[in-house]
Each structure stands twice: as C-alpha cells, then as structure tokens.
Amino acid sequence: SARFTMGNTKDRRMVAARVVENYPFVVAAVVQEGVYAPIWYKSIGWILASLVFGILLIGASVAFLLRANKKIGIELDERIAAQNALGTAHEALKEVAYKDPLTGLPNHQKFIEALATVIEERKLNSTYCAVIYIDLANFKELNSRFGHDRGDLILKELSFQIQAYVGENDLVARFGGAEFVLLLHNLSKQRSKALEIVDRICKQTLGKISEFHHFNGVEFRGSARVGIALFNSPEFRVDELMKQAGIAVQQSKGLGANVISIFDPEMQKIIDDEEKLVEELKKAISENFLELYFQPQFDRDLNIIGAEALLRWNAPDVGNIPPNICIPLAEKNGLIHLLGDWVLGSVSNQLLAWSKLNLMNDLVLSINISAQQFMLENFVSSVLSPLKSKGVQSNRLKLELTESVFISNFDDAIQKMKEIKLSGVQLALDDFGTGYSSLSYLKNLPLDQLKIDKSFIHDVLIDDNDVAIVKTIVMLGKSLGLDVIAEGVETMEQYHFLRSINCNLYQGYLICQPLPATEFISFVQAYRQKSS
Ligand code: C2E
Ligand code: CA
Ligand code: CA
C-alpha cells in the first residue's frame, strides 16, 4: 500500500497493486481518502475510546483493590489487636478465676484442677500425695479486734509463712477466710513414711504460724488446726479427698490449738449421716443418754482440788462420739441450749451428791461453755437456776469460757460475766494462749483462772517457744491475781518443770484420765485417804 497524489489534486489516496500471474499485468486498486478515512477514523475513535475506557476501568479497579486491600490490612491489624487484647483479657480473667486476690495464691478452682491432675497421674505413679487443710484459728476475733485491714495484712504474712516449708512442685492455695489448703506431691511409696513427711511439714508450718509476730503495730501469735487426707491411687475423687481433709480438720477442732489430725474413715461414717445423728442427739439429751466424765485437778503438792466435767456420748449403732464432734453438731443444729441445760442440770445433781459425801464436799467442778451457749439471752439464769433449785453452793461451780465469747458483743459478754461472778460462780478462761489474748482487755475481765491450753504443755520440755508462752502466761496470771492451771500434763517432767516456774495447778493423764461419776468418787476418796 502507498499514498500518492495525482495531478494537482491533493486528494490523498490509498493504492493496492498486485502482479497477475502468467500475464504481463499489474492490477492496482485506488481508494480516495475521503472514502476510506472516515471509517478508519471512526474505528480509531472507538478503539481509543475503548482504550481510554479500559484504562480508566483498570485504574478504577486497581484503586478499588488497593483501597480494599488497605481496608483489609486495617481490619487485619484491628483483628490482631483485638485478639491481643482478648488474650490479655483472657489472661486477666484467668488470673481472677485462678488466683486469690488478697494473697496471690492459687484459689479453690485452681486447687481442684491441680488435684484432679495429680489424682490422674496416680495411674502411672503410685507414690502417696497429701491434701492438707490448715484452718487458722480465731481469725474472726483477730479481725474484729484489729480491723479487717490489719487482718488482711496478717493473712498475707501468714500465707508467706505457710509457703516456706513446702516443695517447689507443691501447691499452697487459699480458699478464702482463714483456710489454706496444701497439695503435696510424691511423698513416698510407703504410707507410714509419707505420713512422717507430712507430719514434719505440718509441725514446721504450725511452729512458724504460732511464733510471736510483730506486725504493723500489732503483736499476734497465730494458731491453726490441720487435717490431712492421703491418696496414692487414681480411684480417689477430688470431692472425696476434700471432704476427708475437711473431716480431719473437724476432728482437730476442739482438741486445742495446733492439732494435726489424719482422716479417720470411722469418722466419715459418723458424719455421713448427719441428719440421723442430730435426731439421735435430740433423743440422747431428752432421754438422758449422755454422760459426764470427771477429770481431777491438782494443786502444787498434788492434792485434789476439783475436777473438769467432760461430755461423753455413746450413741446407739454409732458408738462413742467425741465432744469435738458433738458440740459443733449441737451448735449447728440449734441444740446447744438443750445440751448446755442438760450439762448444767447434771453438774448441779453431781455437786449436790458430792456435798453429801465425805471427802468430796469441798471440790470445785468446772464445766465447758460453748460460745453460742454463752451468747443466749437467758444464759445467766440458765446457769443459776439449777443451782438454786437444787440448793447447791454457787462457789462450787466454775465456768470455763473461751475467748470466742467476746467476739460478737464484748460489752454484753462482760455484763454477763459480772452477773455470774457476783452470784459466786467462778470463771476461768479456757484454752488460754490459743486466741489473740490481749492484755488490755484481760485486766477488765472478772476472772478467777487462766487455763493454759494443752498444746503448749505437750512440747514444753522441747520447744523454746512453748516455754516462753507458758512462762508468760504464768507471770501474767500472777500480775493479775489469777490462778493459772495447766491442762494436758502427761509426764512427771512436765509437772516438775511447771512447778519450777510457779504454775501451781495441774490437770492431765499423768495422774488421772477423765472418769465416770462413780469411779471418780471412788478415785478421789481412795486418793485422799492414801495421802492423809
Ligand atoms: P478442753 O476443754 O480443752 O478439754 C480438755 C480435753 O483434753 C479433754 O478432751 C480431755 O479429755 C483431754 N485431756 C485431758 N487430759 C489430757 C492429757 O493429759 N493429754 C491429752 N492429750 N488430752 C487430755 P475431750 O474430753 O475430748 O474434750 C474435748 C473438748 O470438747 C474440750 O476441750 C471442750 O472444749 C469440749 N467439751 C467437752 N465437754 C464439753 C461440754 O460439756 N460442753 C462444751 N461446750 N464443750 C465440751
Ligand atoms: Ca476445758
Ligand atoms: Ca484445751
């Protein structure tokens, strides 16, 4: 193809030429620009328009994609940030769900999960593990005396102390209040060896808790009850072990301060059927199936001066139920006033009988009063009327109160004590040393006697701490003009030591176990005849 002009026309044309085969011809076709160009330009226009449109379309698409991409990027960033935030929140929630906010220790939930894992592991490893329940005593009292803020600080402090003696892989959890629970792993394949280790750890822990702590202007000495449940097979269940450790603590309660009990399956049988037991107890009170045993008390030269009455209940089908199980049972089920009245009636009869017997009529009889019983509105008259109706001299009776009677209403407690004291009935402060005994209130109480808890007497020859406590109580009693009696005196050495520090009254297995009423009378009469 070519372009050329012909003659003087400036018309632009297009020509196409071809040689005709086998002939001497060339065929040419000529088309004027006016004929071909408009179609061409029209096509070019369309092509250009399509091109432009296409480019615009691509541009728009790219822009759209870029924007979308950016948005996705932002969304992705946002999602990652959200996930991170969620992760942090999850961690925080986990903290809340698994940690005790006050002490930072694992809480109940965490403990239960850890215990389930350790039980599961017993499939492959049959070494003994232990759940140890530590219940700090008199914490309510501490809070009410020093305020919750200080109580909290002290709890934190004690939580450190408790952690000090357990192994790295062991777990110390706080279940709220003053309850700590330990999970000790892989103690030993032998039960006796495992118990030995647990006993050592518990004693160390209790020793630490019961040291004197000076803290933020508060001087306090803790004490605790401990219950232990051992396990070594995957057949144990979490709830079962927790219950066992709880029952063991219950066994420790009422046995004084710093007592360690190992779960006893017999006790579970008793407690399992609580409803039935409550019915039995009601019946025992109303039909006089309960009994009082009497444990003599001695002076410096081992003369008998009185006795403590201790409740005994031999329930049909169940057997002997110790007072530290049956008193809390009565308190929990609204029977404590009936039980308390039964004891008061019974000791009045006993004192009346003694008053008529040779060698018996000068003895003072002490009885234990539960805090709940003391708080009853008619408590004072419930003590005095049986004495009066039987014509018993009121100064033959002594009430052993614990510091827990002051918790809810100090003024009311003092008022009742004053009324009782005025009537001639004597007052002793029982389990002394296990509470948060404060000197300032002690001097305001109309007391006759302080009774040192047997937990301090038990190790008084081997534990310097206990020596310090016992000496302090004796001096305190002296300075306040009160008698001081030591309970749980089991050996001659303990007696001599106590005597040497001027603790002049004693009670314990050394000379006599608690005895039934008639045996007690025979014992006293024989003992006195022999000594005279
Ligand atoms: P408690 O007032 O500290 O009584 C002393 C406990 O020590 C008694 O336990 C007694 O049998 C025991 N005991 C006596 N001598 C020794 C000894 O030398 N060594 C040792 N290790 N223990 C000795 P029991 O009779 O089992 O009483 C336990 C607690 O139950 C009593 O502790 C008291 O708090 C409470 N209780 C007993 N009888 C009554 C009652 O009639 N009413 C109330 N409210 N509580 C009672
Ligand atoms: Ca007592
Ligand atoms: Ca005691």
Side-chain angles (χ1 to χ4, degrees), residues 137-138 223 225 250-261 267 281 284-285 290-298 306-314 320-332 335-348 350 364-376 379 382-383 397-405 426-435 449-460 470 473 485-495 498 505-516 520:
N138 304 328
S223 72
R225 288 79 181 238
Q250 202 59 37
Q251 280 171 253
S252 291
K253 282 185 183 170
L255 291 180
N258 299 330
V259 175
I260 302 169
S261 299
M267 210 46 76
L281 181 58
I285 297 169
L290 299 171
E291 203 178 347
L292 287 177
Y293 273 44
F294 301 87
Q295 186 174 36
Q297 298 176 334
F298 299 86
E308 176 178 8
L310 294 158
L311 187 68
R312 296 293 176 260
W313 177 27
N314 193 352
N320 283 324
I321 298 178
N324 54 314
I325 297 288
C326 103
I327 302 288
L329 187 79
E331 289 184 330
K332 193 171 143 201
L335 299 177
I336 195 65
H337 64 292
L338 293 178
L339 185 59
D341 286 349
W342 179 88
V343 172
L344 284 158
S346 177
V347 292
S348 302
Q350 203 57 234
V364 172
L365 183 52
S366 301
I367 60 170
N368 293 287
I369 301 294
S370 112
Q372 270 197 29
Q373 184 188 354
F374 183 84
M375 285 167 205
L376 294 172
F379 176 72
S382 76
V383 173
L397 183 67
K398 188 184 288 170
L399 307 186
E400 294 191 359
L401 308 175
T402 56
E403 285 167 88
S404 46
V405 303
Q426 302 184 44
L427 291 172
L429 204 49
D430 201 4
D431 298 341
F432 193 70
T434 64
Q449 189 177 67
L450 297 180
K451 192 165 191 180
I452 309 175
D453 189 65
K454 63 178 175 294
S455 55
F456 305 115
I457 306 302
H458 190 261
D459 288 336
V460 80
V470 171
I473 297 176
I485 182 166
E487 72 172 8
V489 183
E490 293 181 357
T491 66
M492 225 38 203
E493 289 80 9
Q494 287 169 347
Y495 159 69
L498 291 164
L505 300 171
Y506 325 92
Q507 177 184 342
Y509 297 160
L510 168 64
I511 307 163
C512 193
Q513 303 257 344
L515 298 170
F520 175 75

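Owing to the predicted nature of the structure, the values given are computational and were not obtained by experimental measurement. Both ligands and their constituent atoms are indexed starting at 1 by order of listing.
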**OP:** Taking ring-ring contact (aromatic ring centres under 6.0 Å, His included) as the test, write out the residues that go with Phe298, two or more places apart.
**Re:** Tyr527
Subject >> Gap separating the CG atom of Leu429 from the CD atom of Glu400, nearest 0.5 angstrom >> reply: 10.0 Å
Subject >> Beyond-backbone contact of Gln426 with Val364, side-chain heavy atoms, under 4.5 angstrom >> reply: yes
**OP:** Compute the shortest N/O to N/O distance between Gln295 and ligand 1 and return yes if it is under 3.5 Å, no if not.
**Re:** yes
Original post:
For ligand 1, which atoms, with element, lie under 4.0 Å from some heavy atom of Glu490?
Top reply: 17 (C), 18 (O), 19 (N), 20 (C), 21 (N)
Subject >> Part of Asp453 with heavy atoms under 4.0 Å of ligand 1, whether side chain, backbone, both or neither >> reply: neither
Original post:
Is Glu490 reaching over with its side chain to a backbone N or O of Tyr509, donor-acceptor style, under 3.5 angstrom?
Top reply: no
Original post:
How long is the gap from CD1 on Ile369 to CE on Met375, to the nearest 0.5 Å?
Top reply: 12.5 Å
Original post:
With sequence neighbours left out, what residues match Gln295 under side-chain hydrogen bond (donor to acceptor under 3.5 Å, both in side chains)?
Top reply: Gln507
Original post:
Which of the N/O/S atoms in Asp453 sits closest to the Ca ion (ligand 3)?
Top reply: OD1
Subject >> Option whose closest heavy atom lies nearest to atom 7 (O) of ligand 1, chosen from Gln494, His458, Lys454, Gln513 >> reply: Lys454
**OP:** Look only at interatomic distance and state if Arg312 has a nitrogen or oxygen under 3.5 Å from any nitrogen or oxygen of ligand 1.
**Re:** yes
Original post:
Hey, which atoms in ligand 1 end up nearer than 4.0 Å to a heavy atom of Gly508?
Top reply: 15 (N), 18 (O)
Subject >> Pick from Leu310, Val259, Asp430: the one approaching atom 4 (O) of ligand 1 most closely through a non-hydrogen atom >> reply: Leu310
Original post:
Who are the side-chain contact (heavy atoms from CB on, under 4.5 Å) partners of Thr402, not counting sequence neighbours?
Top reply: Ser404, Asp430, Asp431
Subject >> Which atom of Trp313 lies closest to which atom of Ala284, heavy atoms considered >> reply: NE1-CB, 3.5 Å
**OP:** Would you tell me whether Asp341 and Gln373 have side-chain atoms, one donor and one acceptor, within less than 3.5 Å of each other?
**Re:** no
Original post:
Which residues and atoms, protein N, O or S only, are under 3.0 Å from the Ca ion (ligand 2)?
Top reply: Glu308 OE2, Asn368 OD1, Glu400 OE1, Asp430 OD2
Original post:
Which atoms of ligand 1 sit under 4.0 Å from any heavy atom of Val343?
Top reply: 41 (O)
Original post:
What atoms in ligand 1 come closer than 4.0 Å to a heavy atom of Glu487?
Top reply: 3 (O), 5 (C)
**OP:** Closest by any non-hydrogen atom to atom 37 (C) of ligand 1: pick that one out of Pro323, Ser366, Ala428, Ser455.
**Re:** Pro323
**OP:** Please name the pair of heavy atoms, one in Val405 and one in Ala371, separated by the smallest distance, quoted to 0.1 Å.
**Re:** CG1-CA, 3.9 Å
**OP:** Answer with side chain, backbone, both or neither: which part of Pro514 has a heavy atom less than 4.0 angstrom from an atom of ligand 1?
**Re:** side chain
Original post:
Atom CD1 of Ile321 and atom CG of Leu329: how far apart are they, to the nearest 0.5 Å?
Top reply: 8.0 Å
Original post:
Taking only heavy atoms of Asp431, which atoms of ligand 1 are found under 4.0 Å from at least one of them?
Top reply: 3 (O)
**OP:** With atom 43 (C) of ligand 1 as the reference point, say which of Ile327, Ile325, Leu510 has the nearest heavy atom.
**Re:** Ile327
**OP:** Classify the ring geometry between Phe379 and Phe374 as parallel (under 30°), tilted (30 to 60°) or perpendicular (over 60°).
**Re:** tilted
Original post:
Can you tell if the side chain of Lys398 reaches within under 4.5 Å of the side chain of Lys451, non-hydrogen atoms only?
Top reply: no
**OP:** Output the list of atoms in ligand 1 that are nearer than 4.0 Å to some heavy atom of Ser370, sorted by atom number.
**Re:** 44 (N)
**OP:** Please tell me if the side chains of Ser382 and Leu344 come closer than 4.5 Å, counting only heavy atoms from C-beta onward.
**Re:** yes
Original post:
Should Glu400 be counted as touching ligand 1, given the test is an N or O pair under 3.5 Å?
Top reply: no
Subject >> Numbering as shown, the atoms of ligand 1 that approach Glu308 to under 4.0 Å (heavy-atom distance) >> reply: 2 (O), 4 (O)
